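Notes follow once the structure below has been shown.
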Amino acid sequence: MPQSAIRNFVMTHTSILLQTLRERGYIHQITDPTGLDAIARQQIIPGYIGFDATAPSLHVGSLVQIMMLRHLQKSGHKPIIVMGGGTTKVGDPSGKDESRKILSNDDIAANIASIRRVFERFLTFGDGPTDAILVNNADWLDTLEYVPFLRDVGRHFTINRMLTFDSVKLRLEREQPLTFLEFNYMILQAYDFLELSRRVGCRLQMGGSDQWGNIVNGIELTRRTDSIQLFGLTTPLITTSDGGKMGKTAAGAVWLNDDALRPYDYWTFWRNTQDGDVGRFLRLFTDLPLSEIARLESLQGEELNDAKKILADAATALAHGDAVTGDDLPRHAIATEVITIVDALIALEFVTSKGEARRMIAGGGARIDGQKVTDEAALIAPGAEPIMVSVGKKMRGLIVR
């Protein structure tokens, strides 16, 4: 493939799909931008993203991929979620420093059932031409015969090329073990694309930038075996403006299932977005119109907090539904316009005296809407939205009017 087709590029897209993905910041690389743009105008594209079932919930690190599937469907195309019931047993070495824990079949099945609930929030499932479907790659991988697979598929892969992929090269350069099991992962993912092309007419695979080599492998395998052109699209690595990894906090991963992370804690994660990330995250993680996002990211100073709350509301509504945040938290309604942080801590029964409240504040343990407060005279003025007061990681409550 020519380098111009696989690197970052600037071009004018005419399909709704690629216009949307480009304007919102999802596109890093496309194997054939012109070809994909053309078929997106002419037909419904079944497109897939794969997710391994290593835990009962996905986390925010997977949200860019989920939102791409959402935009794929909203643009008139068909999302395919491929759950890695088969590949989870192998383990993707991409970005990993050690081998993945081996899970039982029962654990993998339970994880897939739990993860499906996340997709049902973001996508419409059904039997229609653009309705989402969820498939399990164990349906075809578990029935493969080893020698026929090596003969029919393995012959299209060279060790020389496989050793150049970052997922392999980085592990070897660090002198960290890479099992033969994991080494096979890229072949199995390539075979997924071939099977999906044959079974459901899939034409597009999307994923993070670390999946580029695996996606290209599937395109090349299908071209060689079935003479069918497939397409690949990857997203940029999403980091915070300070260079941190998206979705990682001091408290751990930001899970998408509400039984793994409370909706209000999820809301708080978005409310605490860094100033420099507000506009970008509004484009990536909400459905808000671009014109409204442009207005919100132009806000300065304290007004930017309003944009962060809108981001938190919109992102939480997508993942958990409207009007769920704070339902399980204690709340205190005030009759006046404001309340001091000291009185709020007492009213929520986080402390038993003003002296204890002052010591808590002086020690840096109190927060208002996720922001540390050190002034015991700080005022809380709830409006239409409640304001969260927290102490440490476990005590959280809402001040409302």
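The figures here come from the full heavy-atom set of this structure, side chains too, leaving out hydrogens, waters and symmetry mates. Please read all numbers here as calculations on a predicted model, not as lab measurements. Starting from 1, each residue takes its place in the sequence as its number.
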- Item | Check: E356/T352 side-chain N/O donor and acceptor closer than 3.5 Å | yes

- Are a donor atom and an acceptor atom from the side chains of D265 and T268 found within less than 3.5 Å of each other? no

- Query: Salt bridge check: are R117 and D259 linked by an N-O gap of less than 4.0 Å?
  - Reply: yes

- Query: When rounded to the nearest 0.5 angstrom, what distance separates CH2 in W270 from CG in L282?
  - Reply: 9.5 Å

- So, does N257 use its side chain to make a donor-acceptor pair with the main chain of S114 at under 3.5 Å? yes

- L299 vs V278 side-chain heavy atoms within contact, under 4.5 Å: no

- Task: Nearest 0.5 Å please: distance from the CZ atom of R262 over to the CG atom of D258.
- Result: 12.0 Å

- Message: Within the structure provided, determine whether I310 and T286 are in side-chain contact (heavy-atom separation under 4.5 Å).
- Response: no

- Query: Do side-chain atoms of R367 reach the backbone of V389 as a donor and acceptor pair under 3.5 angstrom?
  - Reply: no

- Message: Can a side-chain donor-acceptor contact be found between Q73 and T130 if the only test is distance below 3.5 angstrom?
- Response: no

- Give a yes or no on whether the backbone of W255 and the side-chain of H59 come within a donor-acceptor separation of less than 3.5 Å. no

- Message: Checking the side chain of D37 only, and the main-chain atoms of T14 only, is there a donor and an acceptor separated by less than 3.5 Å?
- Response: yes

- Query: Between K308 and D369, is there a salt bridge with N-O shorter than 4.0 Å?
  - Reply: no

- Would you confirm whether R401, through its side chain, and G383, through its main-chain N or O, come within 3.5 Å as a donor-acceptor pair? no

- Roughly how far, to the nearest 0.5 Å, is CE of M67 from CG of L284? 8.5 Å

- Task: State whether the side chain of N217 and the backbone N or O of A190 hold a donor-acceptor pair below 3.5 Å, judged by distance alone.
- Result: no

- Message: Under a 3.5 Å distance rule, please check whether S62 uses its side chain to pair with a backbone N or O of L58 as donor and acceptor.
- Response: no

- From L72 atom CG to I44 atom CD1, the distance as rounded to the nearest 0.5 Å: 10.5 Å

- Y191 side, atom OH; T87 side, atom OG1 - distance, nearest 0.5 Å: 13.5 Å

- Which is it for Y48 and M206 under the side chain to side chain contact (heavy atoms under 4.5 Å, CB included) test, yes or no, and what are the steps along the way? CA-CA 6 Å; Y48 97 92; M206 301 182 291; over 6 Å; no

- Query: Is there a donor-acceptor contact under 3.5 Å from the side chain of D52 to the main chain of T54?
  - Reply: no

- Message: Run the side-chain hydrogen bond (donor to acceptor under 3.5 Å, both in side chains) test on D192 and W140 for me, step by step, so that the C-alpha distance in whole Å, both residues' side-chain angles and the decisive distance to 0.1 Å come before the verdict.
- Response: CA-CA 8 Å; D192 280 350; W140 54 84; 2.8 Å; yes

- Once the angle between the rings of H320 and Y266 is folded into 0 to 90°, is it parallel (under 30°), tilted (30 to 60°) or perpendicular (over 60°)? perpendicular

- Message: Closer than 4.0 angstrom, basic N to acidic O: yes or no for D313 and R271?
- Response: no

- Does some side-chain heavy atom of R121 sit less than 4.5 Å from a side-chain heavy atom of L318? no

- Measure the CD-CG distance between Q274 and D242 for me, rounded to the nearest 0.5 Å. 4.0 Å

- Return yes when atom CD of E120 has more than 12 non-hydrogen atoms of other residues, nucleotides or ligands closer than 6.0 Å, and no otherwise. yes

- Under 3.5 Å, is there a donor-acceptor pair between the S197 and R203 side chains? no

- Message: Can a donor-acceptor pair be found, under 3.5 Å and without considering hydrogens, that links the side chain of S298 to the backbone of R295?
- Response: yes

- Item | Residues K78 and D131 bridged, charged N to O under 4.0 Å | no

- Item | Cation over ring face, R116 and F125, 6.0 Å, 45° | yes

- Item | Residue pair V254 / L261, side-chain heavy-atom distance below 4.5 Å | yes

- Item | Lys/Arg N to Asp/Glu carboxylate O, E23 vs R283, below 4.0 Å | no

- Side-chain donor or acceptor of T88 paired with backbone N/O of A53 under 3.5 Å: yes

- Query: With no hydrogens and no angle check, do the side chains of D32 and Q229 hold a donor and an acceptor under 3.5 Å apart?
  - Reply: yes

- Task: Report yes or no: do T240 and D277 form a side-chain donor-acceptor pair below 3.5 Å?
- Result: no

- Query: Would Q189 and Q211 count as having a side-chain donor-acceptor pair, cut-off 3.5 Å?
  - Reply: yes

- Ion pair present between D139 and R199, side-chain N to carboxylate O less than 4.0 angstrom? no

